[in-house]
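Note: hydrogens, waters and symmetry copies are ignored here, and every other heavy atom, side chains too, is used.
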Amino acid sequence: LPPERLQAGGSGPLYLKLRQTLEEAINSGRLNHGDALPPERDLAEYANISRVTVRKAVDDLVKDGLLVRRHGSGTFVVKPVSKVQQSLSRLTSFTEDMARRGLTTRAQWLDRGLFHPSPDEMMILGLPADALVARLGRLRIAGDMPLAIERACISSEFLPDPAQVTGSLYAALDQRGHRPVRAVQRISAYNIKEPDAALLGVAAGAAGLSIERVSYLASGKVVEFTRSLYRGDAYDFVAELTLPD
Ligand code: 16G
């Protein structure tokens with residue numbers, strides 16, 4: 001932050017100037033999503049303005065959703081995303097959806113291994129308690145933006161070794177001849193809680209979409225049960241509607 005910019009000319013209040021400087025730094029990409037803001041006391045000292053002024057500017061940006069205060073760990077940048085327009089009628093994978101937009105994807109693994117199914121998973125996948133399921137929990141990142149947390153559950157019949165999924169789950173299933181051909185998806189409103197909020201880089205309580213997808217093979221067998229949490233500020237889900245027959 002160039003302090004001279006804050007002090008230079010103009011008649012506006014100092015907190016507005018600091019606010020503008022921070023906003024510019026975020027918009028120009030000098031500050032990125034998830035970056036920590038220097039402590040308010042350092043900002044005040046550096047720009048030679050009072051802490052009250054710094055606090056006012058930061059409060060403003062928190063209200064606007066460009067910064068988020070996280071208790072005990074500081075203040076972080078929330079970069080506005082241009083919303084992903086996601087079709088609700090096509091059975092595609094995250095990797096494919098992002099590739100079509102020219103974005104590369106990566107994952108931060110939260111959990112990956114073979115487990116016995118939970119009661120929910122037993123019912124949905126139609127498995128006995130002693131069966132094994134592959135669980136794949138990932139923070140899904142496109143470009144530099146964390147967009148969703150996905151927790152997929154696949155019967156070990158279709159995915160005996162979850163470690164083999166390093167990139168796209170659907171590509172891995174496809175390779176084994178188990179690409180889903182049909183899915184049922186449920187979307188509901190959800191307020192993102194910690195620790196998910198920190199992973200997604202949004203404020204605790206921010207709007208999210210909880211999405212469950214159950215997908216089927218051509219044989220009619222359930223192949224996937226995935227529970228996801230999508231950032232509400234990052235997605236528009238779009239469906240084409242036609243007149244009923
Ligand atoms: C999508 C699906 C998810 C599926 C994943 C596979 C939703 C809400 N979820 O994100 O169910 O497991 O794609 O993606 O659309 P991948 O092949 O890139 O791993």
Give a yes or no on whether [X] and [Y] share a hydrophobic cluster (residues Ile, Leu, Val, Met, Phe, Trp, Tyr; joining criterion: side-chain heavy atoms under 4.5 Å apart).
{"X": "Leu14", "Y": "Leu18", "value": "yes"}
{"X": "Ile124", "Y": "Val184", "value": "yes"}
{"X": "Ile187", "Y": "Tyr235", "value": "yes"}
{"X": "Leu125", "Y": "Val214", "value": "yes"}
{"X": "Ile211", "Y": "Leu91", "value": "no"}

Distance from [X] atom [atom1] to [Y] atom [atom2], nearest 0.5 Å?
{"X": "His178", "Y": "Leu169", "atom1": "NE2", "atom2": "CG", "answer": "12.0 Å"}
{"X": "Glu224", "Y": "Tyr170", "atom1": "CD", "atom2": "OH", "answer": "3.5 Å"}
{"X": "Leu61", "Y": "Tyr15", "atom1": "CG", "atom2": "OH", "answer": "10.5 Å"}
{"X": "Met145", "Y": "Leu103", "atom1": "CE", "atom2": "CG", "answer": "10.5 Å"}
{"X": "Leu16", "Y": "Thr21", "atom1": "CG", "atom2": "OG1", "answer": "10.5 Å"}
{"X": "Phe225", "Y": "Ser215", "atom1": "CZ", "atom2": "OG", "answer": "11.0 Å"}

Short N-O contact, [X] and [Y], less than 4.0 angstrom:
{"X": "Lys193", "Y": "Asp196", "result": "no"}
{"X": "Arg213", "Y": "Glu150", "result": "no"}
{"X": "Lys79", "Y": "Asp233", "result": "no"}

Quick check: closest heavy atoms across [X] and [Y], and the distance to 0.1 Å?
{"X": "Thr53", "Y": "Ser50", "value": "OG1-OG, 2.9 Å"}
{"X": "Leu229", "Y": "Tyr190", "value": "CD1-CD2, 3.2 Å"}
{"X": "Arg231", "Y": "Pro146", "value": "NH1-O, 2.9 Å"}
{"X": "Val238", "Y": "Gln85", "value": "CG2-OE1, 3.5 Å"}
{"X": "Leu173", "Y": "Pro180", "value": "CD1-CD, 4.3 Å"}
{"X": "Tyr230", "Y": "Ser228", "value": "CE1-CB, 3.4 Å"}

May I ask you to decide if [Y]'s main-chain N or O and [X]'s side chain share a donor-acceptor pair within less than 3.5 Å?
{"X": "Arg176", "Y": "Ala172", "result": "no"}
{"X": "Glu194", "Y": "Ala198", "result": "yes"}
{"X": "Arg70", "Y": "Val202", "result": "yes"}
{"X": "Arg138", "Y": "Arg112", "result": "no"}
{"X": "His33", "Y": "Leu200", "result": "yes"}
{"X": "Ser156", "Y": "Leu132", "result": "yes"}
{"X": "Arg140", "Y": "Thr105", "result": "no"}

Does any non-hydrogen side-chain atom of [Y] lie less than 4.5 Å from one of [X]?
{"X": "Phe237", "Y": "Leu209", "value": "yes"}
{"X": "Arg100", "Y": "Thr92", "value": "yes"}
{"X": "Ile49", "Y": "Val54", "value": "yes"}
{"X": "Arg151", "Y": "Arg135", "value": "no"}
{"X": "Leu127", "Y": "Glu121", "value": "no"}
{"X": "Leu66", "Y": "Val78", "value": "no"}
{"X": "Ile192", "Y": "Ile149", "value": "no"}
{"X": "Leu67", "Y": "Val77", "value": "yes"}

- Query: Given Asp60, which of Lys17, Arg19, Arg55 fulfils the salt bridge (charged side-chain N to carboxylate O under 4.0 Å, His left out) condition?
  - Reply: Arg19
- Message: Between Val165 and Ile154, does the side-chain contact (heavy atoms from CB on, under 4.5 Å) criterion hold? Intermediate values first, please.
- Response: CA-CA 12 Å; Val165 182; Ile154 315 279; over 6 Å; no
- Task: Tell me, with the steps shown, if Asp59 and Arg69 meet salt bridge (charged side-chain N to carboxylate O under 4.0 Å, His left out).
- Result: CA-CA 9 Å; Asp59 279 349; Arg69 282 204 177 90; 2.9 Å; yes
Counting neighbours of [atom1] on [X] that are heavy atoms of other residues, nucleotides or ligands and sit closer than 6.0 Å, is the number greater than 12?
{"X": "Arg106", "atom1": "CZ", "result": "no"}
{"X": "Lys221", "atom1": "NZ", "result": "no"}
{"X": "Asp144", "atom1": "CG", "result": "no"}

- Starting from the C-alpha separation in whole Å, work towards a yes-or-no answer on salt bridge (charged side-chain N to carboxylate O under 4.0 Å, His left out) for Glu212 and Arg186. CA-CA 5 Å; Glu212 287 183 3; Arg186 175 162 63 191; 3.2 Å; yes
